[in-house]
Amino acid sequence: MRGRRPGAGPERGRGPRAYRRRIVAAAAAAATVAAGLGVRAVAAGDVAKYAGDALYTVLICALVALCAPRARPVAVAGTGLAVSWAVELLQLTGVPAALSRHSAVARLVLGSTFNAPDLLWYAVGAAAAWGVHAVALTSRVPGPRTAASR
């Protein structure tokens, strides 16, 4: 085909499969937020804090999958983990704390103080997101059977 760039079109994340993956990723993001709110409602202390840390990374992974529906699960999880760790390490600078004093959104997204155990719980969240994503890609819902397929 003349005039068509290699990699353009449905194979670059614009087809029906990418659309379905985006819908699933958006639903996963919404479910993750709901789970985070649920954990905060029923648990307290370290359980709520560290579950929230893991879910923070799961949410980032869902958002990465939403933006890049064809990305492999390991790339999605690695990106989510890298972003989570970068945000946590940024807290060593004091910039997030300063922003958090002026904005509730900044406090929710960036946090305010560095806590080394958070790094472990982000890895737990990334591993969970990787596992669910990998299983979701290998699980196929059978389509309707036709007379020819019987």
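Note that the coordinates shown come from a computational prediction; the quantities given were computed from them, not determined experimentally.
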| query | What are the two closest heavy atoms between C61 and G80, and how far apart are they? | reply | SG-CA, 3.9 Å
| request: Locate the shortest heavy-atom distance separating A65 from H133; write the atom from each residue and the value. | output: CB-CE1, 4.4 Å
Not counting sequence neighbours, which residues clear side-chain contact (heavy atoms from CB on, under 4.5 Å) with [X]? List them please.
X    : result
I23  : Y19
L37  : V33
L108 : none
A28  : A62

| remark: Under a side-chain separation threshold of 4.5 Å, the hydrophobic residues clustered together with V39 are L55
| said: Who clusters with V58? Use side-chain heavy atoms, under 4.5 angstrom, across I, L, V, M, F, W and Y, and order the result by chain and number. | reply: none
Verify same cluster id: [X], [Y] (apolar side-chain graph, 4.5 Å):
X    : Y    : result
L90  : V109 : no
V83  : V95  : yes
V132 : I60  : no
L119 : L110 : yes
V64  : Y56  : yes

| query | Can you pull the side chain to side chain donor-acceptor pair (under 3.5 Å) pairs that have at least one residue in residues 100-114, sequence neighbours excluded? | reply | none
| remark: Here the side chain to side chain donor-acceptor pair (under 3.5 Å) pairs for residues 73-97, sequence neighbours left out, are T57-S84, E88-Y122
| query | Heavy-atom distance under 4.5 Å between the side chains of V76 and R72, does that happen here? | reply | no
| Contacts of W130 that satisfy ring pair (Phe, Tyr, Trp, His ring centres under 6.0 Å) - sequence neighbours left out | none
Table please: side-chain donor-acceptor pairs of residues 43-51 below 3.5 Å, with sequence neighbours left out.
from : atom 1 : to   : atom 2 : distance (Å)
K49  : NZ     : D53  : OD2    : 3.4
K49  : NZ     : D118 : OD1    : 2.8
K49  : NZ     : D118 : OD2    : 3.2

| request: With sequence neighbours excluded, give me every salt bridge (Lys or Arg N to Asp or Glu O under 4.0 Å) pair touching residues 25-36. | output: none
